[in-house]
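Following: one structure in structure tokens, then a few remarks.
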Amino acid sequence: MNDYSRLIAYLDGYGVSVSDEQIYQLDKYYEMMTETNKSLNLTAITEFSDVLIKHYIDSVSIIRDIDMSREISVIDVGTGAGFPGMVLKIIFPSINITLFDSLQKRLTFLDGVISELGLTGIHTCHGRAEEAGHMADMREQYDLCVSRAVANLPVLSELCLPFVKVGGQFVSYKSDKGSEELSSSGHALEVLGGSVIKEDIFTLEDSDIVRNLIIIDKVKSCPKAYPRKPGTPSKKPL
Ligand code: SAM
């Protein structure tokens with residue numbers, strides 16, 4: 001078993017306690033990820049000490065701004081190997097989460113993790129955000145949308161905001177370039193019904209990595225024309 005004391009201490013700082021079972025689940029996930037990574041490109045980060053900070057602590061850092069102890073519906077758009085969504089589900093089991101991605105192979109890996117860990121209130125969903133954002137059972141159905149390392153903010157807003165209920169939130173895990181991206185997102189947010197409430201800029205635990213969590217409220221419904229067809233948001237950002 002790897003040493004999770006930094007993560008445990010980090011969460012303790014926010015009043016979140018983790019059980020031995022949750023630590024076991026994280027460790028099993030780490031083991032499955034590094035094993036699968038030998039044949040499928042899941043992550044460039046494989047050393048345990050790096051995964052702990054850059055994937056696990058980074059994923060849960062949303063606790064700085066969002067109360068994750070609620071029974072909320074969450075979607076992780078472009079979840080890849082499960083970041084931040086899988087870690088959020090393990091640490092905050094009351095959430096109901098959809099891990100969404102356009103690459104089936106990564107979702108098949110995540111299905112294996114869900115089954116091995118016996119997790120409930122979590123499922124994977126395959127598709128393009130540009131299409132899924134129009135489906136009745138997904139459009140404006142989520143209290144919270146999270147996304148890390150998928151696209152720049154004007155594009156990402158078009159992929160993510162259509163999933164969020166009016167009154168819900170979209171949290172984008174950005175780097176030190178976040179403010180710059182945000183300054184070119186004004187039009188996109190206005191059109192898509194988003195309103196920025198906060199940029200939370202900090203240095204990730206035990207590293208010099210700057211993280212900017214951009215918190216966006218969904219203040220009005222998204223016009224039917226959005227998201228546009230696959231590829232258009234990135235080719236012609238709003
Ligand atoms: N969020 C993970 C992380 O931070 O480690 C994965 C990031 S990876 C660089 C980007 C992921 O977004 C890929 O798995 C890709 O398949 C997915 N993706 C990109 N565009 C997408 C779209 N339009 N709809 C759904 N998934 C998309």
Side-chain angles (χ1 to χ4, degrees), residues 26 29-30 32-34 36-37 39-48 50-62 74-91 97-114 122-135 138-139 141-142 144-164 170-178 181 188 192 204 207 209-214 222 226-238:
L26 284 178
Y29 175 32
Y30 171 70
M32 292 177 78
M33 182 171 56
T34 46
T36 305
N37 207 44
S39 53
L40 173 70
N41 179 20
L42 287 175
T43 174
I45 299 166
T46 52
E47 273 301 312
F48 175 73
D50 291 334
V51 169
L52 188 69
I53 304 290
K54 296 176 188 168
H55 283 331
Y56 288 2
I57 293 184
D58 188 28
S59 293
V60 299
S61 65
I62 192 172
V74 184
I75 183 167
D76 179 8
V77 173
T79 190
F83 305 112
M86 177 65 84
V87 185
L88 292 177
K89 177 63 197 180
I90 292 173
I91 298 297
I97 192 163
T98 299
L99 304 178
F100 185 79
D101 205 280
S102 55
L103 205 69
Q104 181 59 54
K105 281 182 182 174
R106 294 193 176 127
L107 297 178
T108 301
F109 159 73
L110 291 171
D111 283 333
V113 175
I114 291 168
I122 179 170
H123 74 277
T124 61
C125 180
H126 177 241
R128 292 286 300 240
E130 294 94 321
E131 290 168 337
H134 287 284
M135 290 173 184
M138 296 182 81
R139 186 175 177 86
Q141 295 299 309
Y142 298 89
L144 176 67
C145 175
V146 292
S147 190
R148 187 184 82 163
V150 173
N152 66 27
L153 197 59
V155 177
L156 191 65
S157 298
E158 186 169 349
L159 302 183
C160 290
L161 274 169
F163 291 116
V164 182
F170 162 41
V171 177
S172 176
Y173 287 62
K174 286 292 174 189
S175 67
D176 55 352
K177 303 276 188 315
E181 290 185 29
L192 298 161
L204 205 56
S207 80
I209 300 167
V210 174
R211 172 61 72 219
N212 184 352
L213 291 177
I214 300 179
C222 188
Y226 304 101
R228 290 166 294 168
K229 63 180 181 15
T232 305
S234 56
K235 272 184 227 130
K236 293 182 183 171
L238 285 170

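Computation of the quantities below employed the complete heavy-atom set of this structure, encompassing side-chain atoms and omitting hydrogens, waters and symmetry-equivalent molecules. Indexing begins at 1, ligand by ligand and atom by atom, following the structure's order.
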Inset, instruction - Applying salt bridge (charged side-chain N to carboxylate O under 4.0 Å, His left out) between R228 and each of E158, E130, E131, report the one that passes. - result: E158

Expected list for residues 145-154: side-chain donor-acceptor pairs under 3.5 angstrom, two or more places apart:
from : atom 1 : to  : atom 2 : distance (Å)
S147 : OG     : V77 : O      : 2.8
R148 : NH1    : K54 : O      : 2.8
R148 : NH1    : D58 : OD2    : 2.8
R148 : NH2    : H55 : ND1    : 2.8

Inset, instruction - Might you point out which heavy atoms bring L42 and R106 nearest each other, and give the distance in Å? - result: CD2-CG, 4.0 Å

Inset, instruction - Would you check if the distance from the ring center of F100 to the ring center of F163 is below 6.0 Å? - result: yes

Inset, instruction - Using atom types as modelled and distance alone, determine if a side-chain donor or acceptor of S207 lies under 3.5 Å from a backbone N or O of L204. - result: yes

Legend entry - Closest non-hydrogen atom pair between Y30 and F48, with its separation: OH-N, 3.2 Å

Inset, instruction - Please list, by chain and number, the protein residues whose heavy atoms come under 4.0 Å of ligand 1. - result: G78, T79, G80, F83, F100, D101, S102, L103, R106, G127, R128, A129, E130, R148, A149, V150

